[in-house]
Structures are given as structure tokens and as C-alpha cells.
Amino acid sequence: MRGRRESRQIVWTKPQTVEEKKGMAGKSIQLIANYFILNKAHSWKLCLYHVYYSPDEDRTRERKQLLRQHRELLGANYLFDGMLLYLAYKLGNETKLVSKRESDGSVYQLKIKFIKEVSSMETQFEQILNTILRRCQEFLGLQLIGRNYYNPKAASREERHKISIWPGFSTSIRQHEDSILLNADVLHKFLRTETAYELIERCKYNMKKEVDKLLLGAIVMTTYNDKTYRVDDVDWNLTPSSKFPYRGDEISYIDYYQKNYQVRIKDVKQPMLMSKPKKRDLRRGLGNIYLVPELCALTGLTDIMKSDFNMMKDLSKYMRMGPDKRVEALQRFNQDLSSNAKVMQEMEHWGLNLSPSLIRIQGRILPEEQILQDGRSICYNQQTSDWSKELRSLKFNLPVGLDNWAVVFPLKFATDARELLSSVQRVGAPMGMMIKNPAMFGLQGDSVHEYIGVFNQCVGKQLVLILLSNNRADRYNAVKRHLSIKMGIASQCILSRTLLKKQRLMSVATKVAIQINCKLGGEPWNIAIPLKNAMVIGYDTYHDKATRGQSYGAVVSSTNQTWTQYLSQVSCHSSQEELTNNFAAGIRNAINRYKVQNGFQPRMIVVYRDGVGEGQIEFVKEHEISAVKRSFQQLYETPPKFAFIIVTKRINTRFFVENRRGIINTPPGTVVDDVITFPERFVVYLLLLYAIQLNAIQSTLALRGPTFTRYPAETGMLTFRGVCTLLRGERRKQGAHKVAQSSKHYRVLHPPPTTAGPSQ
């Protein structure tokens with residue numbers, strides 16, 4: 001596989017005895033998905049052959065040249081990697097051929113031996129179809145950057161910000177339930193017109209430290225061959241004048257680039273960028289790759305750029321494509337493929353053709369969850385999934401007062417700070433939060449040093465509210481690190497620009513009050529959980545970009561019956577084995593804490609696992625789940641009922657609704673569990689929140705516990721109520737066998753989205 005994409009393994013987690021996976025709860029809705037059906041000829045098959053050479057020939061290039069002499073027999077389109085040959089038809093069980101090497105006329109005997117017909121459920125099948133698609137995209141003039149193709153001819157430039165925007169597409173072909181589908185989505189690549197050399201030149205004060213901070217972990221694209229590399233180090237001892245081994249001799253980087261790319265390097269004293277080889281390159285015996293900063297264009301957006309409000313506003317027209325524009329771009333991509341002569345010839349030779357329209361599927365809108373606050377059920381607009389107005393007049397289930405706290409702000413925002421304080425006190429009283437006047441600290445500037453100096457005067461405070469002039473990551477991280485880790489004080493950060501629109505101040509104040517109440521151990525509301533004695537656990541990992549191999553895992557687990565109080569645990573790991581051990585230890589700690597707080601152990605446990613790539617599912621199934629079950633054996637006489645759900649947020653699936661107004665986004669609470677899902681496991685796509693851009697979350701049930709035998713049909717989609725019903729092991733009266741899917745329902749777990757500042 002190209003780029004850094006993991007090689008996907010098809011892991012069957014759905015029992016062979018289960019035939020029906022679709023749920024039934026909710027209201028039906030007609031959807032459009034960003035998939036095209038890939039049709040095959042009636043007699044189409046993908047056949048795999050092994051090619052043997054006599055005498056032996058080790059060089060792949062020569063092997064390909066010798067086989068290429070028989071194109072009349074093989075046809076214009078075949079795929080050969082030097083050993084394995086793929087054809088779209090059956091050639092025969094064994095075919096013998098004779099070839100001559102062009103250089104010296106040496107004769108070779110070739111034997112092409114049939115191995116098997118590749119099934120659509122094998123990874124080889126997907127790889128071949130995706131290879132064909134990559135060829136077709138190259139015929140369109142698209143350029144490969146990383147793992148996706150982009151159109152340099154349609155690039156736009158934002159001269160004000162020195163950024164070039166290349167439109168492109170992410171594509172993937174694989175077997176879905178009943179059809180082979182092409183998933184396509186619109187992408188944009190941000191290429192800065194600034195080179196790594198220009199960035200280095202801008203760093204004058206404490207140059208090496210500043211350069212390391214800005215470049216380490218960055219992705220650069222070489223201007224001479226458009227390949228991308230990750231910067232792992234800056235070598236100040238090497239320069240373009242340095243020499244390296246090359247074809248049995250030594251050559252300087254200056255001469256190498258002049259000879260191979262006709263590029264003249266201007267600054268011969270600049271340091272070199274080092275990129276560590278990928279695993280596949282290590283297997284080929286390759287070492288570290290050294291790059292000339294002058295020839296490396298910077299890609300992506302830095303944290304400083306992302307904090308530039310005006311820049312992000314200008315770039316939003318590329319990043320936030322409306323549903324109608326997205327569908328239009330995908331249809332245009334399909335038409336470009338269908339109207340290109342070379343593409344059509346390639347597809348015809350392979351016996352393939354693409355359907356002209358995006359696929360239409362049936363989805364469901366789940367019934368709304370019951371939200372309980374102040375002893376009553378809140379009615380809210382399910383279309384927006386926002387109940388902030390409704391909760392403002394009701395008391396929190398467990399309000400926490402603010403008696404001893406502080407507000408820290410730059411003096412230029414003094415008026416904004418006082419207005420926010422007044423608004424928070426006003427909205428807090430009806431919700432049961434008694435908020436006394438805080439200690440106010442005004443700063444002359446907004447440097448990290450000034451903030452920390454004031455924080456040291458806040459020892460013993462319940463909470464510190466901080467007003468920030470912008471969302472610079474270094475300042476925000478320093479604030480959180482000092483208050484949370486060094487001082488053990490809760491904190492709430494708010495961006496000053498959030499307070500500019502005075503008509504929205506009460507709404508902002510309400511959401512700030514909710515967050516503060518939660519951070520101090522309060523409970524604004526809860527949802528109706530029909531289960532008793534159940535615990536929900538979430539696990540995710542964070543990978544430090546600056547230091548390869550260093551990762552952190554977090555286990556968050558509920559500790560009460562209403563799932564409103566949680567225990568958080570963080571651990572560091574450097575290997576999959578260490579991750580598994582830490583994960584299992586975290587679950588043991590979670591069970592013990594639950595027992596301390598409730599007097600008994602949870603009898604039902606639902607684990608949501610984030611941060612799992614396609615190639616890691618088998619490891620999770622075989623190792624992590626086994627480790628969790630071993631933990632149950634250590635703590636229980638009879639193991640609890642158990643569900644393990646993998647949650648994937650970064651996916652390329654999009655859904656749309658067509659109505660009289662045109663193409664619009666799908667409403668929150670929409671689920672899809674058929675047609676575009678996978679035959680080998682339980683998969684549900686869930687649309688979470690109402691927004692201009694709605695993103696799907698794919699939830700995959702990786703393993704079913706022993707209690708997952710029969711299911712009530714009405715629990716086809718696992719909201720919290722569905723999880724509860726499923727784990728109780730209830731059966732439908734008619735005895736119908738229905739398999740329930742799994743889903744993480746953020747819409748009811750989390751508070752309404754806040755714009756009050758950086759996410760907590």
C-alpha cells in the first residue's frame with residue numbers, strides 16, 4: 001500500500017450463524033452516500049499466477065521486461081510485481097513461454113502457474129482494484145501526494161497568506177455488503193509557498209531551538225519530484241557540500257541534485273533535514289534520508305496559522321464545502337473518469353465500469369433520548385440537538401457553588417471580563433450555582449510568564465477562569481500544565497473573541513457555567529439509563545508527533561448508576577504489549593473504584609475503544625479483549641456481561657439528503673447499517689450533531705460476548721437504551737433473531753457544543 005496507510009486485514013468478528021444485521025428502531029429516511037457502484041462483466045474474475053524463470057533472474061526490472069514480450073498473449077492490461085501476475089481472465093493452469101534478454105540475447109524459460117481465483121473478500125482483491133483506480137487518476141493528470149491524488153491544474157492561490165490549495169480526492173474500493181463500491185470524497189491539500197529554508201532564515205533568536213520547534217514532525221514536499229517526507233531531525237553538521245556514497249563512489253548533494261534533477265543549490269552552508277525511513281524502506285535496507293531545506297516546500301497549517309482568525313476565515317471556503325458543492329464535485333469526478341479515453345480503455349480491458357450516480361440508501365433517524373434535569377424531562381428540538389435554552393431555567397441535578405475562585409485577564413479585556421462575570425453569575429443562580437465574586441487579576445500583557453506569575457497567587461482556589469487573547473497552543477498548554485499538573489486547580493479558558501458578540505453573551509455564559517459545574521464535580525443533567533449496575537468505559541490513545549514511539553493511553557470509566565461521574569487514568573506506553581497491559585490494568589482499577597463507590601462490582605460493562613486502525617482490529621480482538629477478560633477472571637467469580645465497541649471518527653463516508661431545497665446535510669441521530677457496511681462485521685454509521693458540516697462516525701462491534709445470542713428487533717441501533725436492553729439479554733416475544741449494532745451516542749452524552757474557548 002502506498003503512503004503510510006496500514007495494510008488492512010479482513011477480520012471476521014460477525015458469527016457465521018448471524019444473517020441479519022439491520023436494526024429497526026427509528027424513522028426511515030432516504031439518503032445519498034458518497035459511493036459509486038463498480039460493476040463487473042458477467043464472467044469477470046481476478047486470477048492470480050506465479051511466474052517462474054529458468055535460469056533464475058533476481059532483478060525485478062529484468063523479470064518485467066522478459067514477461068512484457070508476451071503482451072499479445074497476456075493482453076494490454078495485466079499487473080505484475082516481478083513474481084505475482086494478475087489477470088482478469090483464466091489463462092490456464094500452466095503456461096510455458098520463451099523470452100530473450102535484450103541486452104545479450106540470453107534465453108529464459110518462463111512458466112506461468114495458476115494459483116487461485118482471488119475472492120472479493122481478500123485484501124489482494126482490494127489492492128488490485130485500487131491500483132487500477134490509481135492508474136485511472138494518473139490518466140486524468142492528477143498528482144499523487146502522500147496517499148491521495150490532487151489536481152495541480154485546478155490549484156488556487158491565497159497570495160495574502162502565501163498558500164496554494166490543490167483540490168483532490170480520497171478514493172477507496174472494497175467489497176461492501178452486496179456490491180463492490182468506490183468511496184470518493186473531496187480533499188484539499190494546503191501547500192505553503194514558503195520553503196523550509198525560508199523558515200530557517202526567519203529564525204534569528206535561539207535559531208536551533210526555534211527551528212526544531214517549527215520543523216520537527218512537519219511534512220515537507222520536495223519541489224523536484226513532489227514526494228512528501230516527515231522531518232525527524234535537523235542536522236546542523238551536514239550541508240549540501242557534504243558527500244555521501246553513490247554508485248560505488250562519493251558525491252556531494254550539490255552535484256547529485258545538479259546531475260539528476262538539473263537543480264542548482266544556492267546556499268551551500270544550510271543545514272540538512274533528516275527523515276527516518278519507513279518500515280518498508282528499512283526492510284529494503286535503506287537508511288536515513290537527507291533533504292535540502294531550499295528544495296522542500298512546507299505543507300499543512302501550523303498552530304500559529306490555525307490561530308489566525310482571518311486566515312482560517314479565508315480558507316474556510318475550501319475546508320467547509322457545502323453538501324450541494326460536494327455532491328457536484330463528486331459527480332464531476334465521475335464524469336471525468338467516464339469521458340477520458342485512456343480511463344475507459346483501462347476499465348474496459350479489466351471488464352469494469354463505474355455507475356454514473358452516487359448510491360442511494362435507506363437510513364433511520366433514531367428516537368430522541370430522554371434528558372432528565374431538576375426532576376423533569378427536558379423537551380428539545382431533535383433537529384438541532386441543543387437544549388441549552390431549556391436548561392437555563394432549571395436547577396442542575398447536582399449544582400456546585402463557586403466560593404473561592406479567580407479570574408485572570410489582560411487589562412485590555414477588563415470590560416469583557418466584568419461583563420462575562422456578571423452574565424455567569426446571572427445564569428448560574430436559576431441553575432442552582434451560587435457564584436460569589438472572584439479575585440480579579442489584570443495583566444499588563446499576555447505572556448506565559450505573566451499568567452504563571454499570577455497563578456502562583458491562586459493557591460487553594462476552586463477554579464481559575466482565564467481570558468486568552470488568541471488560541472496559541474504554547475500558551476494554552478502552559479496554562480493547563482501549570483494549573484492542572486503543578487497546582488491541581490481546575491481551570492476554564494475563554495477566547496476574547498468569543499465575547500465580541502454581546503447578543504450571544506448569555507448563551508456563552510450558560511455554557512461556561514455548565515463546564516465549570518462539571519469540572520468541580522457537579523452534574524448538570526443525566527439521561528434515562530434503564531440499566532442498573534452497569535459501567536461504561538472509554539479508551540483512546542495519543543501519539544506524540546515530536547517523538548516517535550512515545551504514546552499515551554487514557555481510560556475513562558463511569559463510577560455511578562447514571563453515568564455522570566467518571567474516573568480518568570492516563571499511562572505511557574511504547575509498544576502494543578505495554579498498551580494492552582496498561583489498558584487491562586486501567587479496567588481493573590475502574591472496576592475496583594466502582595466497587596468502592598457503590599459497594600458492589602458492575603455486572604455489565606460496555607467498552608468504547610478509539611484510536612484503532614483497520615490493520616489493528618485483529619490485534620485488538622486477539623490481545624486486548626483477551627487481556628480484559630483475564631482481568632474479569634481475577635476480579636469476578638462469574639464474569640460480567642461485556643460488549644466491546646471500536647469507534648472510528650476519521651472516515652471518508654458522507655451522507656446527504658435531497659429535498660425540495662436541493663442537497664442538504666442529514667439530521668442528527670441518523671444511522672446507516674446496510675448497503676455500504678461490511679459483510680464481515682457489525683458496522684453502524686452514526687451522524688452525531690447538527691452542524692454546517694456533519695461528520696459520520698463509524699462504530700464497529702469488534703466482538704460479541706457470550707450473552708449476545710438473541711436480540712429484540714427494536715434494539716437494532718444501540719443508543720444507551722439499546723445497550724441496556726441488549727445486555728439484559730431480553731428477547732423479542734416472537735423469538736425473531738436480530739443482531740444489534742453498536743454506536744457511541746455523543747448527542748446525549750455530552751453537553752451542548754460550546755464556543756467558549758479551546759476544548760477542554
- Count the heavy atoms belonging to other residues, nucleotides or ligands that lie under 6.0 Å from CD of E348, then report whether that count exceeds 12. no
- Nearest-0.5 Å distance, OH of residue Y89 to NE2 of residue H349: 11.5 Å
- 4.5 Å side-chain heavy-atom contact, Y257 and I251: no
- To the nearest 0.5 Å, how far apart are CH2 in W350 and CD in Q345? 13.5 Å
- Message: Please confirm whether the ring centroid of F190 lies under 6.0 Å from the ring centroid of H188.
- Response: no
- When rounded to the nearest 0.5 Å, the distance separating CG of L352 from CD1 of I173 is 8.0 Å
- Kindly give the heavy-atom pair with the smallest separation between E294 and K266, and that separation in Å. OE2-N, 2.8 Å
- Message: Could you check whether E177 and T677, counting side-chain N and O atoms only, form a donor-acceptor pair closer than 3.5 Å?
- Response: yes
- Message: For E328, is there an ion pair with R332 - N to carboxylate O distance below 4.0 angstrom?
- Response: yes
- Is N334 reaching over with its side chain to a backbone N or O of S355, donor-acceptor style, under 3.5 angstrom? yes
- Determine, using ring centers only, whether H176 and Y35 are less than 6.0 Å apart. yes
- Item | E122/K116 salt bridge by N-O under 4.0 Å criterion | yes
- Do Q143 and Y149 pass the side chain to side chain contact (heavy atoms under 4.5 Å, CB included) test, and can you show the C-alpha distance, the side-chain angles, and the key distance before you say yes or no? CA-CA 5 Å; Q143 188 170 313; Y149 281 87; 5.7 Å; no
- Query: Nearest 0.5 Å, what's the CE-OG1 distance between M83 and T60?
  - Reply: 8.0 Å
- Message: Could you check whether any side-chain N or O of E57 sits under 3.5 Å from a backbone N or O of S54, counting only pairs where one atom can act as donor and the other as acceptor?
- Response: no
